Amino acid sequence: MTEVYTGKVVSKGIAIAPARKVALPPELVVPDHGIEDLKHEQVLFDKALAGARDYVSRWKATMNGRLEGEALELYDAYDEMLQDPELVIQTKDLIESSSKNAAHCFFRVTEDYATTLMALNDPYLSARSEDIRMLADLVIRLLSGQEIQELTWTDKAVIVSRQLTPQQLSSMNSDAIAGIVLVEGGLTDHTAILAQALSIPLLIGVSEQVLEIQNETPTLLDLEAGVFVVNPNTKQIHHAQEKLGVLQERFEQARLQATEKTVTKSGRSISVEANVGSLLEVKQAKANGADGIGLFRTELAFLQQKTLLSEQDHYDVYASILEGYEAVTHTIRLLDFGSDKPLSYLPVAKEENPAMGLRALRLGLKNYDLLLKPQIRALLRISKEFSIRILCPMIATEKDCIEIKSLIQYELKDLKTKGYKELKMPPFGIMVEVPNVAVNPKKFVDLADFFSFGTNDLAQFLMAADRSNVNLSIYFEDVKPTLIAIIEKFNSHAKRLGKAVSICGELAADTDFTEEFLDIGISSLSMAPSQIPIVKRRVREIK
Ligand code: PEP
Ligand code: MG
C-alpha cells in the first residue's frame with residue numbers, strides 16, 4: 001500500500017531506492033556460563049578474533065578514498081589490537097583457569113584493561129580504552145551470535161532512522177546512500193551540513209510511523225516536492241524519473257559554466273566559495289568552480305580521529321587536502337568541536353546546553369596545548385605554501401578575540417626563533433555567530449582583518465531555538481529578515497575600515513536572498529560545494 005510522509009526538506013534532490021533502516025544495535029549481552037571443552041572454546045575465540053579482523057578490513061576498504069593518512073591508519077591500529085598477545089593470551093588463560101565461556105573471559109580481560117587505561121586520566125589512553133571496548137563488543141557479538149550493525153552496503157538505499165549522527169554518516173559509503181529520512185534532526189545541524197555537502201537528499205521531522213517500514217521496501221524520496229513515498233506506484237516513479245532527468249540536466253548546465261567568473265549583469269564580481277570538511281568536498285568544490293575555500297571546518301576532518309593530533313598531523317592533513325589548490329586563498333577555521341560535533345579524541349564532560357557550552361574557542365583555550373596550539377602552529381607553517389586566512393569560531397567578547405590573536409602571534413614568534421624565519425601573520429578573521437559580536441560592529445571591526453557570518457549559530461542564538469530541533473524550524477525562516485538587517489549594519493561599519501565581510505552559514509546558499517545580499521554590499525558567499533553552480537547562475541542573472 002502506498003504511504004506518503006512529509007517533513008522538513010533539508011537537502012533537495014530525488015531518490016528512487018529501497019529503504020534501509022539504521023538504528024543503534026540492541027545493547028550487548030555478555031553471556032556467562034561454564035564450559036567443558038576448553039580447547040574448543042579457545043578455537044571459537046580465535047575464529048571470532050579472525051571474524052572481527054575481517055570486519056575491520058571491510059571498514060577500512062569502505063573508507064579508502066574518503067579518508068587519508070592517519071585517519072585510515074586507525075583501522076590498522078584496530079587490527080593490531082585484535083592480535084594483541086596480552087589480550088589474547090590472558091583471555092585463553094582465563095578460559096582455562098575459570099572454565100568459563102570465551103565471551104565472558106574476553107569481556108573481563110578487556111574491561112580490566114580499558115578501566116586501567118581510563119583511570120590514568122590521559123586523553124590518548126582514554127580514547128584507546130574506547131577502541132578496546134568497541135572491538136570487544138564486536139568480538140563478543142560474533143561469539144554469541146548477537147546482531148552486529150553493518151552500516152556498509154554497496155547498492156543504493158534510502159536510510160530511514162530516528163536519528164543519524166555526523167559520525168555515522170561520515171563512516172558510511174556515501175555513494176550507497178540515495179537519500180535520508182529522519183524522525184528527528186535539525187535544519188542546520190552537522191548531519192544536515194554533511195548531507196548537503198554530499199548532495200544526499202535529506203528529509204527530517206517525519207512522523208514516527210515511518211520507523212515501521214520494512215527493510216528493502218521500495219521508496220521514492222522526492223524532495224523537490226517534499227514527500228517520501230513508500231511503495232510508490234509506477235506512474236509516480238516514472239514522473240519522478242522524468243523530473244530527476246530535468247534536474248540533472250539543469251545542474252549540469254550550471255556546472256558547465258561554474259568555472260567561469262561570476263559577475264552580475266552590471267559587471268560586479270562576486271566570490272562564491274566552498275564550505276568543506278574533507279578532501280572529497282575539496283575535490284567537489286574545485287569541480288564545481290569554487291573561488292577558494294571560504295570555510296574549512298577543520299573539526300569535520302577529524303570526527304573519526306580517535307587519538308590526539310600532533311602539529312605534524314595537522315600539517316599533513318591540511319597539506320594533503322589543499323595540494324594542487326594553490327592559486328586561490330583558503331579560509332581555515334580553528335577547531336569548532338563541541339555541541340553536535342563531539343570531540344572523539346579528548347573526552348569532555350557532558351553539559352546541559354552544549355551549543356552554548358564549552359565548545360569551539362572556549363574548549364580550545366581550555367585545552368590549549370592539546371587542541372589549538374598544534375593546529376595554530378601547523379597553520380602558520382602551512383601559510384608558507386598556501387595563501388590562507390585563519391578564522392576563529394564562537395568569538396563572544398573582545399577579550400576572546402584579543403586572547404586568541406595574541407596566542408597566534410606568540411606561536412608565530414616562537415616558530416620564527418625555531419627556524420621558520422620568513423613566516424608572516426596570515427589574515428586573522430572571526431566568525432560572527434554570537435549576537436554580542438553581531439550587534440556590536442563598532443567594537444569588533446578593529447579587532448580582526450575579516451569577518452564571516454555564521455548564520456546557523458547566529459540564528460539559533462537570536463531566536464533561542466536549537467538548530468538541531470526540527471520542531472523549531474519555523475524560527476529559522478522567521479529570523480532571516482533580522483539576519484539581513486544585522487549583516488547590513490555590520491558590513492557598512494566594516495567597509496568603512498576596509499574590512500571584508502562574508503557569509504558562510506547555510507543562508508549564503510539560499511538563492512531567494514542572493515539579490516538582497518548583493519544589495520546590502522556583500523560580495524563573498526561560502527556554501528556547500530553542491531550549491532555553488534546554482535548560486536553562481538543566480539548571481540549572473542542579477543543586475
Ligand atoms: C554557522 O554557525 O553558521 C557556521 C557556518 O558554522 P557551523 O555551521 O560549523 O557551526
Ligand atoms: Mg557556527
Side-chain angles (χ1 to χ4, degrees), residues 10-11 165-167 169-170 185-197 202 272-278 281 285 290 293-303 330-343 353-364 389-396 400 404 429-438 450-469 473 475-476 479-480 482-484 486-487 490 501-510 513 517 522 524-529 531 535:
V10 176
S11 172
T165 65
Q167 279 94 329
L169 181 51
S170 55
L187 283 180
T188 61
D189 67 12
H190 287 87
T191 299
I193 287 167
L194 278 176
Q196 277 162 354
L202 166 61
V272 184
E273 296 162 23
N275 293 351
V276 303
S278 67
E281 287 168 63
I293 296 170
L295 171 64
F296 185 165
R297 291 182 165 104
T298 53
E299 65 286 350
L300 292 186
F302 305 121
L303 272 184
H330 304 299
T331 304
I332 306 189
R333 184 171 73 182
L334 297 179
L335 294 167
D336 186 2
F337 278 119
S339 196
D340 66 339
K341 290 173 286 190
L343 178 56
N353 290 302
M356 297 190 287
L358 193 64
R359 61 172 277 209
L361 178 73
R362 302 159 183 186
L363 186 67
R389 311 194 297 175
I390 296 181
L391 177 63
C392 185
M394 283 292 281
I395 293 281
D400 280 348
I404 186 65
I430 63 172
M431 293 285 291
V432 185
E433 55 185 348
V434 174
N436 187 47
V437 178
F450 69 97
F451 302 86
S452 194
F453 265 86
T455 53
N456 306 333
D457 275 315
L458 185 54
Q460 83 166 340
F461 298 134
L462 284 172
M463 286 297 196
D466 183 348
R467 67 193 260 193
S468 36
N469 186 335
S473 51
Y475 289 107
F476 291 83
V479 76
K480 288 178 181 175
T482 311
L483 286 171
I484 302 276
I486 289 176
I487 298 171
F490 199 100
V501 174
S502 62
I503 306 174
C504 65
E506 302 316 291
L507 188 66
D510 189 335
F513 287 88
F517 294 147
I522 295 294
S524 163
L525 299 166
S526 191
M527 62 203 64
Q531 306 301 309
V535 171

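For clarity, every value in this text was computed on a predicted model and none was experimentally measured. Both ligands and their constituent atoms are indexed starting at 1 by order of listing.
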*Is any side-chain heavy atom of Ile486 less than 4.5 Å from a side-chain heavy atom of Leu462?*
yes
_Tell me which N, O or S atom from Asp457 is the closest to the Mg ion (ligand 2)._
OD2
*For residues 458-468, pull every pair meeting salt bridge (charged side-chain N to carboxylate O under 4.0 Å, His left out), keeping only residues two or more places apart or in separate chains.*
Asp457-Arg467
_I'd like the contact residues of ligand 1, where contact means a heavy atom below 4.0 Å._
His190, Ile193, Leu295, Arg297, Arg333, Asp336, Lys341, Met431, Glu433, Gly454, Thr455, Asn456, Asp457, Arg467, Cys504, Gly505
*asked:* Measuring only between side-chain heavy atoms, which start at C-beta, is Val437 closer than 4.5 Å to Asp400?
replied: no
*Where do Phe296 and Ile332 come nearest, in terms of heavy atoms and distance?*
CB-CA, 3.9 Å
*Does Glu433 reach the main-chain N or O of Met394 with its side chain, forming a donor-acceptor pair under 3.5 Å?*
yes
*Decide side-chain contact (heavy atoms from CB on, under 4.5 Å) for Arg359 and Asp336; before the verdict, give the C-alpha distance in whole Å, the side-chain angles of both, and the deciding distance to 0.1 Å.*
CA-CA 7 Å; Arg359 61 172 277 209; Asp336 186 2; 3.3 Å; yes
*Proximal heteroatom of Glu433 relative to the Mg ion (ligand 2) (N/O/S)*: OE1
_Looking at the Mg ion (ligand 2), is there an N, O or S atom belonging to Asp336 that lies under 2.8 Å away from it?_
no
*State whether the side chain of Glu506 and the backbone N or O of Asn456 hold a donor-acceptor pair below 3.5 Å, judged by distance alone.*
no
